[in-house]
Amino acid sequence: MNRLPDYIKDKIEKTGGIVLTEELEPAVLEFVNSRTAHYGTSIESYCNIIETNPSELEKLLNAATVKETYFFREECQFDFINKTYFKSGKYSDIKIWCAGCSTGEEALSVYALAKYSGVKAEVTASDINARSLEVFRKGFYSDNSLRADGQKFHSLINDISEKTEKGIQIKSSDLSSIRICNINLKTNAPYPFVFSYFDLIILRNVFIYFSKETMADVLKRLHSVLKKDGILLLSINEIASIPNTPYFDKVKDGSVYYLKKAEPKAKENPSIINMLSKAKDKLQVQNIPGILKNAVSGTKPASEPACKADKKFYARIMTCISKGKYPEAQELLSSRTYRPCELEYKYFAQGFIQHLQKNYKDAEINFYKAFSLNPELWPASVMLAFAYKRAGKTEKSLDLFKQSFIILDEYVKSAKTCYNFMMDFDPAYFLEICRKNIDGISKACGE
């Protein structure tokens, strides 16, 4: 069998909330082929098996959710947790849920950090993947679970483990201090916690598997088990893909974005963020928001270009895009006569519309035009870097991420705002995104 039947894809999504991306599908296809061979049956018969055999369905979901993790992944977020909860003096005890904990490195990291800080932390860890939880319960990890990212905290893992010739063994006394459970976030049953129970929920690199509808449902249910002003911490790469919701406010603390529990509003305001879930970047970073923004805040620096974009005009384009009215947005762009110094804005807007319409080849061309006209226009350089990455142009992508990083680093240090109206998240966020991609691509290329 060369492709997965739609029935199996639908079953995985309806049961686990997991949308199979191009990256995930080959692993699931390989698993299904091995299971049909095991049973000596056809794919049609195998579909009947997963319909009637919960154990086989669990194995299928396991195959769809294998993911990489390591101790203190995304180090800056653990700095944030340490500052906000463990060193703030506001908490003598704290309840934390690591949802989607995979093989346990994340939960052990936050537990070790709390223990070192002398804070009593009740850590609950859950995952849908039973095999990952089996690894967690054994508490044995190879040296691969220790990476450069998170290195400043590695000594804390030493405090709760013993080094062996083959790897790291977590002490049983520490391992037993963490509550480990199997939870499907997509389940229709209530989560096994009382309302307003947790101070912090960490759910990283999980929403990238979910549809927009599943995300909204899970966010609503997570809201119910968070305390007032509780925090939901997502991965750096997925915060931009989360749709606006009346249940959470997006908040920035340094280079870290998180979701803070809010009182539900009467009506959710439509947002361009909702469009991002329909335009997923299928590579390392999901849903990068090259978004036209209808306002600029802050004082404009002296270095802002003399030729300014017509922000009211772009606000109209953003409104069209947020409503999915791409032809109308395109018509607006075509109706305007542009001065030479404005063309970079036109090409960027054109490229972004094409990006959302999944016309990636033409989008790449327009991002290139915008960047060529104004190399300081970091929204264009960042989106062009992602366009190259999507197209498999690895060297070009790496070069553009490096160039974008240099531009953004100076831009952030100088507190410039001249191009902020073109993106929905501030430059510091994209600076971190560029750093992540430089590291990731360099590692993949063996540099």
With distance as the sole test, does [X] use its side chain to make a donor-acceptor pair with the main-chain N or O of [Y] at under 3.5 Å?
{"X": "Ser335", "Y": "Leu332", "result": "yes"}
{"X": "Thr164", "Y": "Lys166", "result": "yes"}
{"X": "Asn182", "Y": "Asp127", "result": "yes"}
{"X": "Ser397", "Y": "Ala385", "result": "yes"}
{"X": "Ser88", "Y": "Lys90", "result": "yes"}
{"X": "His223", "Y": "Phe248", "result": "no"}
{"X": "Ser109", "Y": "Phe72", "result": "yes"}
{"X": "Glu376", "Y": "Ile407", "result": "no"}

Could you walk me through whether Leu4 and Ile12 pass the side chain to side chain contact (heavy atoms under 4.5 Å, CB included) test, one step at a time? CA-CA 11 Å; Leu4 282 174; Ile12 291 172; 5.5 Å; no
If you count the non-hydrogen atoms of other residues, nucleotides and ligands that lie under 6.0 Å from [atom1] in [X], is the total more than 12?
{"X": "Lys252", "atom1": "NZ", "answer": "yes"}
{"X": "Phe195", "atom1": "CZ", "answer": "no"}
{"X": "Phe405", "atom1": "CZ", "answer": "yes"}

Please round to the nearest 0.5 Å and tell me the distance separating atom [atom1] of [X] and atom [atom2] of [Y].
{"X": "Asn437", "Y": "Leu398", "atom1": "CG", "atom2": "CG", "answer": "9.5 Å"}
{"X": "Ser235", "Y": "Gln77", "atom1": "OG", "atom2": "CD", "answer": "7.0 Å"}
{"X": "Leu133", "Y": "Ser126", "atom1": "CG", "atom2": "OG", "answer": "8.0 Å"}

Please state whether the rings of [X] and [Y] are parallel, tilted or perpendicular, taking 30° and 60° as the class boundaries.
{"X": "Tyr411", "Y": "Tyr419", "answer": "parallel"}
{"X": "Phe210", "Y": "Phe207", "answer": "perpendicular"}
{"X": "Tyr257", "Y": "Tyr429", "answer": "perpendicular"}

Suppose we screen for side chain to side chain contact (heavy atoms under 4.5 Å, CB included). Which residues come up paired with [X], at least two apart in sequence or across chains?
{"X": "Phe31", "result": "Ser34, Arg35, Tyr46, Glu56, Lys59, Leu60, Ala63"}
{"X": "Tyr70", "result": "Arg73, Arg147, Asp149"}
{"X": "Asp143", "result": "Lys163, Ile168"}
{"X": "Glu432", "result": "Ile236, Arg435, Lys436"}

List the residues meeting side-chain hydrogen bond (donor to acceptor under 3.5 Å, both in side chains) with [X], not counting sequence neighbours, and say none if there are none.
{"X": "Thr84", "answer": "none"}
{"X": "Arg179", "answer": "Thr124"}
{"X": "Glu122", "answer": "Tyr197"}
{"X": "Tyr258", "answer": "none"}

The ring pair (Phe, Tyr, Trp, His ring centres under 6.0 Å) partners of Phe313 (sequence neighbours excluded) come to none
Would the Phe401 and Phe386 ring centres measure less than 6.0 Å apart? yes
Answer yes if the ring centres of Tyr347 and Phe367 are under 6.0 angstrom apart, and no otherwise. no
Looking at Glu364 and Lys393, does any basic side-chain N land under 4.0 Å from a carboxylate oxygen? yes
Tell me whether Asp199 is salt-bridged to Lys227, with the criterion being a basic N under 4.0 Å from an acidic carboxylate O. yes
If you define the side chain from C-beta out and look only at heavy atoms, does anything of Tyr191 sit under 4.5 Å from Leu222? yes
Partner of Lys260 by side chain to side chain contact (heavy atoms under 4.5 Å, CB included), out of Val251, Leu232, Leu226: Val251
Using the salt bridge (Lys or Arg N to Asp or Glu O under 4.0 Å) rule, collect all pairs that involve residues 76-87, keeping only residues at least two apart or in two chains. Asp79-Lys152, Lys83-Asp253
Is there any salt bridge (Lys or Arg N to Asp or Glu O under 4.0 Å) pair reaching into residues 95-107, and which pairs are they, with sequence neighbours excluded? Glu106-Arg204
When you look at Thr245 and Lys220, which way does the side chain to side chain contact (heavy atoms under 4.5 Å, CB included) test go after all the steps? CA-CA 8 Å; Thr245 165; Lys220 180 178 179 180; over 6 Å; no
Name all pairs fulfilling the ring pair (Phe, Tyr, Trp, His ring centres under 6.0 Å) condition that reach into residues 116-139, sequence neighbours left out, sorted by first residue then second. none
